[in-house]
There are 2 protein chains.
Amino acid sequence: MTPQLGGVPGFRDLLPLEAEILREAQESLLAEMRRWGYRHVITPLVENMDVLDVGLGVEQRRRLFKFTDGRVVAGKLRSAALPLRLCYSGPVLSTDEGRFQQRRETYQVGAELIGASGPVADAEVIALAARCMEATGIRRYQIDVGHAEFFHGIMDAVKLPDEVKAAVRDALVARDFVALESLLEGTPLKSAEHELLLRFPALRGGPEILDAAGGLVRNRRSEAALSELGRVRELLVAHGIGDVVVLDLGAIRDFDYYTGVIFEGYGPDFGRPIAQGGRYDALLARFGRPAPATGFMIQLDLVSEMLTRAPRPPALPRLDAALAWSESGLGTALRLGSTLRLFGMRAVVDTQPRSPAEAQAWWRAIGAANLVYCRSEASVSWSSGGQRARSLPPEQVAGRLAGGVA
Amino acid sequence: MTPQLGGVPGFRDLLPLEAEILREAQESLLAEMRRWGYRHVITPLVENMDVLDVGLGVEQRRRLFKFTDGRVVAGKLRSAALPLRLCYSGPVLSTDEGRFQQRRETYQVGAELIGASGPVADAEVIALAARCMEATGIRRYQIDVGHAEFFHGIMDAVKLPDEVKAAVRDALVARDFVALESLLEGTPLKSAEHELLLRFPALRGGPEILDAAGGLVRNRRSEAALSELGRVRELLVAHGIGDVVVLDLGAIRDFDYYTGVIFEGYGPDFGRPIAQGGRYDALLARFGRPAPATGFMIQLDLVSEMLTRAPRPPALPRLDAALAWSESGLGTALRLGSTLRLFGMRAVVDTQPRSPAEAQAWWRAIGAANLVYCRSEASVSWSSGGQRARSLPPEQVAGRLAGGVA
């Protein structure tokens, strides 16, 4: 079926599979978001750099860029009835290290639910993130769901100097348990609290960990977080995604930004998260419109990388027809090209005349399903993979190809 | 049919129609380009600023950005069999005036045919540009086609100091005929050449202007340009777009960049060009891979603006279903939402419980085609525009809505 390339470099060898995959994933994600009622907004790419001086961390900046658009915040969003469901996509310039020369592009698709608080809204964005991961074509995935307030409650409750709390937090973020252990040994903590902080990163699993964690904490913030997380989990079961959810109370992320339920989506390799999101009820006030909000973004680069490395990576869509011509067949080739495209087929017309033998070589190089060699106004020769060439009138080609291609 | 908004701000009022139109136009354009065998490449947005120091003009920079990607030029393109057909899309940062703070984003979709010279290749990209303009939904459009060499030939032939030639060219670009006239009065030009330069901007119309122009010039460069342009026009007729082509020999564009056939596509208002392109055979050598090339870009912002201002602007795609719920109906609402989305419908599940009357107000605010009010596990109430609400089992809703929506 597929013509062999025979070592001649052609489209298939040269053009990035990743680019096609990335574009298709982007479209699938936006289509899924629209099915959930999220409306597409154009994102203000430039602004990602202009918010550097607002004093935000890297993750905040990364997720923030869309709100800095004057159109969204000062205009539309300020006067909008809430909740608003927005989605966006596009390249994002990261300015890691704050050095101008170190800019790097990443491609993201994101969704934000603005103006709704509570577990129903939290569960909606997590379920949407899960359906988005499915929509990309990633086969096995998992969503880790945690809660920023669980950790805040613990840190409120323990009696430690602020600088030790900061060091404990850093050790937990880095999952450096040796450092954590020695930090805690130097403090006057009661052994129960000591134990709690050491066990904290291991609080990961099914709904049973909510009870286990409930037995360890004695403060209202953490207890409220556990209760809310339990409700979100129930709703995720109702959404039909209970089996991909893992509760993770030990996840520490950018807690100056996140204020409630947080989550991360992982593909089959469980490396870097493909999706990241959570509730950030305090952020929009900085832009003059206080409102609860939750949302997430998907890193398209990681999706593309993962799909490309899959055992059976997606195939590049192929050309349906290569239209070659001798001098007297050019007009026929141009008309046939138009007709085939009207039928929705992908057809390339050659840019130079060729002999029948040269046309065969060109056909193999570009890897199209069919070769149509246009000799004259009245006759063309049609070859498809493995079959003998047949002569036929040009007006019959479109129908034959549509039949063969379909 | 359409529920009235009744002054309540909702999706329709608030979210930019332009964003949806822009996105749909972008997809239509890329789909058309793929039907012509152009492969999508990811564009290196960042690089647009990094080439500032190569010493290029604004138009060159604008069209150049894609070639500065290391992947395309140094890697893929360097070793690629030619011709290559590439397309790309995305935001472009313009750094007008070279001032960092003056960055501005525009959205472009472009196509480039690299490694093919001659009228067949020129006609291909012009015909593709025409089909792209159709694909956006613009109803009436026109493509002006000219040739950079026609003007070069004239300027070679006239005996004028270089600085006067530059002034003549500036006057022609600005269409400042008073300045042109006084410039020429101060020169020792013979009256035929004087006459030629003054008539030059008026050489615009059908194929008859090629003969008219041929009668005015006596230099090989201009004559070769006229002959090539005539052949391109014949091929455009064969492509089926002869009726939208206007020949324009008086068009002066960035001629340090363009080396052959040039063109611009205009929508019905004939203001700024929506599509711009042409042959630039000298450019790729600067990147270490000399090759003839032609291509164009379409300004999506202008397309979106034009479609939005049209007498009948495209309608925003609407939500198919608004799913409201009382406390005991939430699980039903979540499941129904999943089912409707599996059917490809756009369904929003509310984030808070509502009474039936509140649900009606919410429905009107978000402007969905149908309201499904979920009271319990066993019963929902379905309303669609203008009809009485009906109670039915949840499992019947998807079928009814699919029937009503389709």
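Just so it is clear: chains get the letters A, B, ... in the order the sequence lines come, proteins before strands, and each one is counted from 1.
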Query raised in the report: Does some side-chain heavy atom of B:Leu113 sit less than 4.5 Å from a side-chain heavy atom of B:Tyr38?
Result: yes
Query raised in the report: Side chain, backbone, both or neither: which part of A:Glu234 has a heavy atom under 4.5 Å from chain B?
Result: neither
Requested in this report: Please report the C-alpha distance between B:Met345 and B:Leu401 in whole Å, then the side-chain angles of each, then the deciding distance to 0.1 Å, and finally whether the side-chain contact (heavy atoms from CB on, under 4.5 Å) criterion is met.
Outcome: CA-CA 9 Å; B:Met345 283 182 261; B:Leu401 258 68; 3.9 Å; yes
Query - Residues in residues 325-336 of chain A that sit under 4.5 Å from chain B, counting heavy atoms only - result: A:Trp325, A:Leu330, A:Leu334, A:Arg335
Query raised in the report: Could you name the residues of residues 115-125 of chain A that have a heavy atom within less than 4.5 Å of a heavy atom in chain B?
Result: A:Ala116, A:Val120, A:Ala121, A:Glu124
Query raised in the report: Can you find a pair of side-chain heavy atoms, one from A:Leu319 and one from B:Trp36, that are under 4.5 Å apart?
Result: no
Report summary line: Most heavy-atom pairs under 4.5 Å with chain A, out of B:Arg341, B:His239, B:Glu27, B:Glu32, belong to B:Arg341
Query raised in the report: Any side-chain donor-acceptor pair under 3.5 Å between B:Gln108 and B:Tyr88?
Result: no
Report task. Kindly say whether A:Ala347 contributes a backbone atom to a donor-acceptor pair with the side chain of A:Asp320 at under 3.5 angstrom? Result -> no
**Report entry** Derivation and outcome, side-chain contact (heavy atoms from CB on, under 4.5 Å), residues B:Glu305 and B:Asp301
**Finding:** CA-CA 6 Å; B:Glu305 198 183 310; B:Asp301 309 73; 5.6 Å; no
Query raised in the report: Does the side chain of B:Val348 come within less than 4.5 Å of B:Leu323's, by heavy atoms?
Result: no
Query raised in the report: At what distance, to the nearest 0.5 angstrom, does CG of A:Leu128 lie from SG of A:Cys87?
Result: 8.5 Å
Report summary line: Value for CG (A:Asp350) from CD1 (A:Ile366), rounded to nearest 0.5 Å, stands at 7.5 Å
Query raised in the report: What part of A:Leu340 gets closer than 4.5 Å to chain B, counting heavy atoms only: side chain, backbone, both or neither?
Result: neither
Report task. Using modelled atom types only, decide if a donor and an acceptor are shared between the side chain of A:Ser28 and the backbone of A:Glu24 within a distance under 3.5 Å. Result -> yes
Requested in this report: May I ask you to test the A:Ser304-A:Thr308 pair for a side-chain heavy-atom distance under 4.5 Å?
Outcome: yes
